[in-house]
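Just below is one structure, and these are the notes that go with it.
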Amino acid sequence: MTIDPSAFERYRHSPNVRTTLPRLLLGTGIVVLFWAATTVAVLVGGTYAFIAWQATPSSGIQGFLASPLGILAALVSFAGIWIGLWVAMRWVHGEKLSALLGNSRRVSWPDFLKGLIAVLITSFISEVLLYLLQPQITRGPIGLSSWLLFAIPIAALTLLQTSSEEVLFRGYLLRDLANRFTSPVIWALLPALLFTSLHWSASSSPAINACVLASIAAFALLLTLIVYATGNLGAALGAHLGNNLTGFLLISHQESYNSFALFNARPLEGPGWATSDAVLIAFIGIACSMLTIVLLLHPRSPLKVAAELPDRTSTA
């Protein structure tokens, strides 16, 4: 299973002359600023509305974040990344935001669908293995009618969240770093490490944090690899959406994000997990990421993604 780098080489050389390291740092700072401002605005405004509606001031921001409305607000806050990226691309780099999407400057929807299907398949396998490890699954608090009502809004907001992260970490940072540096240690690992570090949980044990971060790092490198193979964010967008939709709508492993899930598994931030459990969880996550790579890049796979080349006929 070999990968032709031609599509990615075209993608990494697409930035204009205004893409310098100082401008990349400035643009990243702008994105972080807009993300933080949007998050604060959404959380403060949402908490105020939540307290006024519930008439329970003691619940505060923690009560708001644990509520279904809080989850929706948290997803909305990722709009700040999109706004910041638009400002950075327009005013710092002098490019259109669509330049980050791929060589064609638009999402490859066939690859988006393949990435989505591949991760839904491997997520199912992962959940079966996790169930064998810890067969503790309960029905979530949400009724089926309410779940059907919220499914589309949650899917839309999850797409907002995952797409903003992909365009930032696998688009803006990866493309511009690859344009300045030849070593994948910088342009591939640095965005992956930044993305992984955002998933640290203070409420989880060190062993569980380590296993979760190892799984997320493997997933981040998978997303980077398919961008490298295709020169487009389409498959990465679909894969990331499939991963998060599974957790938000189907089976949740996080107590703070289980309001809309049909089923709840034993929360990873809860007590009682052994170190051996953490090792097995990490192994399952890494193995499923490797299986996703096979589904998306193996020449005989029906889900094989295509490299975005000028003639539109070559494949990765």
Side-chain angles (χ1 to χ4, degrees), residues 26-92 97 100 140-143 145-169 171-173 194-204 212 216 237 240-241 243-250 252-262 264 267-269:
L26 174 60
T28 303
I30 290 173
V31 174
V32 172
L33 178 63
F34 273 94
W35 187 10
T38 304
T39 300
V40 170
V42 169
L43 292 184
V44 171
T47 301
Y48 177 82
F50 178 75
I51 292 176
W53 178 49
Q54 295 287 330
T56 54
S58 59
S59 61
I61 191 168
Q62 293 301 322
F64 170 66
L65 289 174
S67 68
L69 183 60
I71 296 176
L72 296 176
L75 293 175
V76 169
S77 69
F78 284 87
I81 296 180
W82 274 109
I83 298 171
L85 284 171
W86 181 85
V87 172
M89 289 295 289
R90 176 66 179 84
W91 300 106
V92 177
L97 183 59
L100 299 177
I142 190 170
S145 59
S146 297
W147 185 84
L148 292 172
L149 179 65
F150 280 103
I152 293 179
I154 287 293
L157 289 176
T158 303
L159 178 60
L160 171 67
Q161 177 224 350
T162 55
S163 63
S164 68
E165 291 180 341
E166 286 309 304
V167 176
L168 173 59
F169 291 102
Y172 184 68
L173 291 176
L194 288 173
F195 174 78
T196 302
S197 66
L198 293 177
H199 294 79
W200 172 270
S201 173
S203 60
S204 299
V212 169
I216 292 174
L237 287 168
H240 200 163
L241 177 64
N243 179 79
N244 287 26
L245 278 182
T246 301
F248 282 134
L249 288 176
L250 298 179
S252 174
H253 294 268
Q254 293 180 281
E255 196 169 16
S256 55
Y257 289 99
N258 63 6
S259 296
F260 298 101
L262 282 176
N264 293 330
L268 291 173
E269 64 267 34

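For the numbers below, each heavy atom of this structure counts, side chains included, while hydrogens, waters and symmetry mates do not.
Applying the side-chain hydrogen bond (donor to acceptor under 3.5 Å, both in side chains) test to every pair with at least one member in residues 147-161, sequence neighbours left out, gives these pairs: Gln161-Asn244. Legend: salt bridge (charged side-chain N to carboxylate O under 4.0 Å, His left out) pairs involving residues 154-167, not counting sequence neighbours, sorted by first then second residue: Glu166-Arg170.
With values rounded to the nearest 0.5 angstrom, Phe260 atom CZ is found 6.0 Å from Ile142 atom CD1. Separating the OG1 atom in Thr162 from the CG atom in Leu157 is a distance of 10.5 Å, to the nearest 0.5 Å. One finds the OG1 atom of Thr28 at 7.0 Å from the CG atom of Leu168 (value rounded to the nearest 0.5 Å). Residue Phe248 holds its CZ atom at 10.5 Å from CG of Leu241, rounded to the nearest 0.5 Å. Here the CD1-CG distance, from Ile154 to Leu159, works out to 12.5 Å after rounding to the nearest 0.5 Å.
Partners of Leu198 by side-chain contact (heavy atoms from CB on, under 4.5 Å), not counting sequence neighbours, listed by chain and number: Trp35, Phe169. Here Ser197 pairs with nothing under the side chain to side chain donor-acceptor pair (under 3.5 Å) rule; sequence neighbours left out. Qualifying side-chain contact (heavy atoms from CB on, under 4.5 Å) partners for Leu26, counting only residues two or more places apart in sequence or in other chains: Ile30, Val92. Listed by chain and number, the residues in a side chain to side chain donor-acceptor pair (under 3.5 Å) with Asn264 amount to none (sequence neighbours excluded).
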Only pairs under 3.5 Å count here: list side-chain donor-acceptor contacts from residues 73-91, not counting sequence neighbours, and write none if there are none.
unit_1, atom_1, unit_2, atom_2, d
Ser77, OG, Ala74, O, 2.5
Trp82, NE1, Ser163, OG, 3.2

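In terms of heavy-atom proximity, Ala261 sits nearest to Gly247 at CB-O, 4.1 Å.
Aromatic rings of Tyr257 and His253 (six-membered ring for Trp) have centroids beyond the 6.0 Å cut-off, not under it.
Formation of a donor-acceptor pair under 3.5 Å by the Glu255 side chain with backbone atoms of Glu269 is not found in this model.
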